[in-house]
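Notes for the one structure printed next.
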Amino acid sequence: MSTNDTPLPANFIRQIIANDLNTNKHNGRVATRFPPEPNGYLHIGHAKSICLNFGMALENNGTCNLRFDDTNPEKESDEYVQSIMRDVQWLGFSWSELRHASDYFEQLYDYAIQLVERGLAYVDSLSAEEIRAYRGTLTEAGKESPDRNRPIAENLNLFRRMRAGEFDEGQYVLRAKIDMASPNINMRDPAIYRIRRVHHQRTGDAWCIYPMYDYTHCISDALENITHSLCTLEFEDHRPLYDWVLDQLQTPSHPQQIEFARLQLEYTIVSKRKLNLLVTEKHVNGWDDPRMPTLAGLRRAGVTPKAIRDFCERIGLTKQNSWIEMGVLEYCIREDLNENALRVMAVLEPLRVVITNYPDGQVENLEVSNHPQRPELGKRTVPFSKVILIEQDDFSENPPPKYKRLVVSEEVRLRGSYVIRCDSVIKNEAGEVIEIHCSYDPGTLGKNPEGRKVKGVIHWVSEAHALPAEVRLYNRLFTVPQPDNEANFLDALNPHSLETLTACRVEASLAQATTVQRYQFERTGYFCLDAVDGINGGLVFNRTVTLRDGWVKD
RNA sequence: UGGGUCGUCGCCAAGCGGUAAGGCACGGGGUUUUGAUCUCCGCAUACCAAGGUUCGAAUCCUUGCGACCCAGCCA
């Protein structure tokens, strides 16, 4: 992450931070944190937050911690912890310090004792259902729990016994004593500790009471001396509680919570619960399925970290909820891949072409550029011979208007090779074209024929030299822009989100393909070797994104 | 008359009282041995609406309208 050549676009958080720096609000310090709960894999929406938090720190010579918000052991696991660390690093960021909310359990408990001692928290014996009933509604004030005025000594005793494991789950809860009539429901004596007899992926069985998010997050931020606590809009209503907790306690600092709109990307979902469902119900093949908007999925699809970072910068940062079109992400992916992917030829749905006037058994090793705009990326050798394979789509007996490919009696350029003319068509009993016969113009290698214009260029591979490969074409996972708005988002799954082509033939140079290299299959799209299935056995390629297609068909 | 937040081009988004940046998408021209890339041009008399303040308003005020979030012992 070094790019500081172009001026960074303005956004309200950059402005706040710049202003704080000018007024020396935090002695020139900028400290952020990325606080995921390890209850699922990171997705493109998290990328926005990661780029924001790490980005602000980097831009201002500050720090950014990775902090796991691990206060609900029921949903959390080490698998998620590991995947999150891997994904953050893959995106290109390094955390200043690795922390866990669970690191603070003891301090959090001590602070809670303080609240109890000062009459600012009480142990409630109401059941979850009763608490809900007592909470009131959006338009009516709540009413106070009978336990709200329990003597401090009794609260202290009960809370200590909660920790000691003397009670059952749900029997008691520790609540902040704020205001049951507050128009902000979050302030109506929120629960701050509950009893959970659950093994914690990190603290094991050391605790049977766990602090709630609202209570934990602000204190964790304060303990880490975070200056700007950036979170999404839905926490806006929680800010008064964030501030209340810190106002009551003598914490090392009082960070400023600032909310921004989360990413909403068309034709996908970023709800961890729903992504989890797709995985567990096997609508996709795991968290890293290339159709998933997870970082693991995007990575496996061949999307680069740079493209994602660029995307996160381009979409802007505001408090408006907005929907980003998929085209923006695709543009960012293509921009990076266009510059860096090596060009190769691959025929996805082959059609046999015999070049009748080409000598039997002759093979020419043609030198072809790896990148038309970047000669420094070198050349490779592509064998040419009498029988080649072209794309079925690149030949037509009944071409649509403005068709620029191969048709009977017309010519087409074979990329990096000769100009050929289609002389005849061979069909099977069903009337399907199974082979075509062409003749080549020996004078057209590396130069245009004289006196005529060849309208199209198509890609090809030599039948005898090509390698068999499987190619997986990924399309958008959903058929509607906002699957979340459907009665059942599963109904909007695109049945054609994955098309597997098994009869593909790719040029011989791909025998050396690696999973780190990105390729452009000329004229068809950007691909990468599948990191799971493409390394042992045969070649398996994933389509990262198609090439932009400017051909307006009538 | 519950609270909070937000309304600038099809989608994002600058703008912070001095007369509507930019990107994506889209349309058109040029280059091209990828219908790619690259490149040039076009694309809001207009800022949710209506009033008001002002020499001057997307920016300030008032009143409406619309959208989103909140009633987990989730985060």
Side-chain angles (χ1 to χ4, degrees), chain A residues 9-11 15 35-37 39 69-72 74-76 124 126-129 131-133 135-142 169-175 182-188 190-196 210 212-214 216-217 231-240 259 261 266 272-273 313-332 334-335 338-339 343 345 368-369 371-373 402-405 412-417 419 444 446-448 454-459 481 520-525 546-553:
Chain A
N11 68 49
Q15 286 181 1
E37 182 189 11
N39 66 345
D69 233 327
D70 53 351
T71 58
N72 185 2
E74 287 171 287
K75 297 180 178 174
E76 299 157 5
D124 200 346
L126 250 31
S127 68
E129 300 71 46
I131 285 181
R132 186 174 338 134
R135 188 153 33 224
T137 68
L138 293 177
T139 54
E140 299 166 83
E169 284 193 9
Q171 195 173 343
Y172 287 108
V173 69
L174 184 70
R175 289 229 256 169
S182 172
N184 182 340
I185 290 186
N186 294 303
M187 300 298 271
R188 318 238 262 230
I192 58 178
Y193 264 93
R194 76 284 216 190
I195 299 171
R196 279 287 173 281
Y210 292 95
M212 301 286 289
Y213 166 85
D214 284 311
T216 307
H217 202 84
C231 63
T232 44
L233 248 31
E234 66 269 28
F235 292 106
E236 215 152 18
D237 288 344
H238 297 239
R239 186 166 12 118
E259 311 84 13
E266 288 188 343
K272 276 198 214 174
R273 202 198 100 242
E313 193 60 68
R314 271 171 194 276
I315 58 177
L317 187 75
T318 67
K319 300 187 73 149
Q320 289 165 228
N321 357 22
S322 53
W323 285 85
I324 307 297
E325 293 177 340
M326 201 43 115
V328 181
L329 212 211
E330 292 180 346
Y331 176 87
C332 295
R334 290 188 185 112
E335 188 174 55
N338 173 55
E339 188 180 337
R343 272 57 172 174
M345 291 194 283
V368 182
S369 175
H371 191 117
Q373 283 84 36
K402 298 181 186 157
Y403 191 72
K404 289 169 61 174
R405 311 173 190 181
V412 77
R413 157 74 64 183
L414 292 178
R415 173 108 244 233
S417 178
V419 169
T444 56
K447 54 178 180 251
N448 286 128
V454 176
K455 59 185 184 300
V457 180
I458 64 174
H459 59 278
Q520 183 195 104
F521 288 0
E522 290 212 48
R523 302 205 312 126
T524 100
T546 61
L547 246 32
R548 189 159 162 267
D549 186 2
W551 185 29
V552 281
K553 297 157 182 120

Donor-acceptor contact present, side-chain R135(A) to main-chain G142(A), <3.5 Å: no
When you compare [N] with [M], how far apart are their [atom1] atoms, in angstrom units rounded to a whole number?
N	M	atom1	result
C11(B)	C70(B)	C1'	28 Å
U62(B)	G23(B)	C1'	36 Å
U59(B)	C16(B)	P	12 Å
A36(B)	A44(B)	C1'	31 Å
A13(B)	G52(B)	P	32 Å
C24(B)	G17(B)	C1'	31 Å
C43(B)	G27(B)	C1'	8 Å
C40(B)	U45(B)	P	25 Å

Listed by chain and number, what are the salt bridge (Lys or Arg N to Asp or Glu O under 4.0 Å) partners of [X], not counting sequence neighbours?
X	result
D70(A)	none
R523(A)	D394(A)
R334(A)	E330(A)

For K75(A), all residues meeting side-chain contact (heavy atoms from CB on, under 4.5 Å), sequence neighbours excluded: E37(A), N39(A), N72(A)
Side-chain donor/acceptor contact of E325(A) with base of G10(B) under 3.5 Å: yes
Donor-acceptor pair present, E266(A) side chain and C11(B) base, under 3.5 Å: no
Sugar-phosphate, base or nothing in reach of L317(A), heavy atoms under 4.0 Å: sugar-phosphate
Sugar-phosphate only, base, or nothing, as touched by T318(A) at under 4.0 Å among non-hydrogen atoms: sugar-phosphate
For [X], enumerate each residue passing the side chain to side chain donor-acceptor pair (under 3.5 Å) test, keeping only those at least two apart in sequence or located in another chain.
X	value
N448(A)	none
T232(A)	E234(A)
E522(A)	R415(A)
R196(A)	E74(A)

Can you give the donor-acceptor pairs under 3.5 Å from side chains of residues 314-322 of chain A to other protein atoms, not counting sequence neighbours?
residue: R314(A); atom: NE; partner: D310(A); partner atom: OD1; Å: 3.4
residue: R314(A); atom: NE; partner: D310(A); partner atom: OD2; Å: 3.1
residue: R314(A); atom: NH2; partner: E335(A); partner atom: OE1; Å: 3.3
residue: T318(A); atom: OG1; partner: Q320(A); partner atom: N; Å: 3.1
residue: K319(A); atom: NZ; partner: E236(A); partner atom: OE2; Å: 2.6

N/O (side chain, Q320(A)) to phosphate O (OP1/OP2, C11(B)) under 4.0 Å: no
Under-4.0 Å side-chain N/O to phosphate OP1/OP2 contact, S182(A) with G3(B): no
What nitrogen or oxygen pairs link the protein and nucleotides 67-71 of chain B at under 3.5 Å?
residue: C68(B); atom: O2'; partner: N321(A); partner atom: ND2; Å: 3.0
residue: A71(B); atom: O3'; partner: R135(A); partner atom: NH2; Å: 3.3
residue: A71(B); atom: O2'; partner: R135(A); partner atom: NE; Å: 3.0

Gap between atoms CG and C1', on L174(A) and G72(B) respectively (whole Å): 17 Å
Listed nucleotide nearest any side-chain atom of I131(A), set U5(B), C73(B), A75(B): C73(B)
Options G2(B), C73(B), G7(B), nucleotide nearest the side-chain atoms of M212(A): C73(B)
Watson-Crick/G-U partner (both atom distances under 3.5 Å) of C60(B): G52(B)
Letter per nucleotide, 5' to 3', of nucleotides 27-43 of chain B [B base touched, S only sugar-phosphate touched, - untouched; heavy atoms, 4.0 Å]: ------BBBBB------
Of A10(A) and I315(A), the one whose closest RNA chain B nucleotide lies more 5': I315(A)
Close N/O contacts between protein and nucleotides 17-22 of chain B (under 3.5 Å):
none

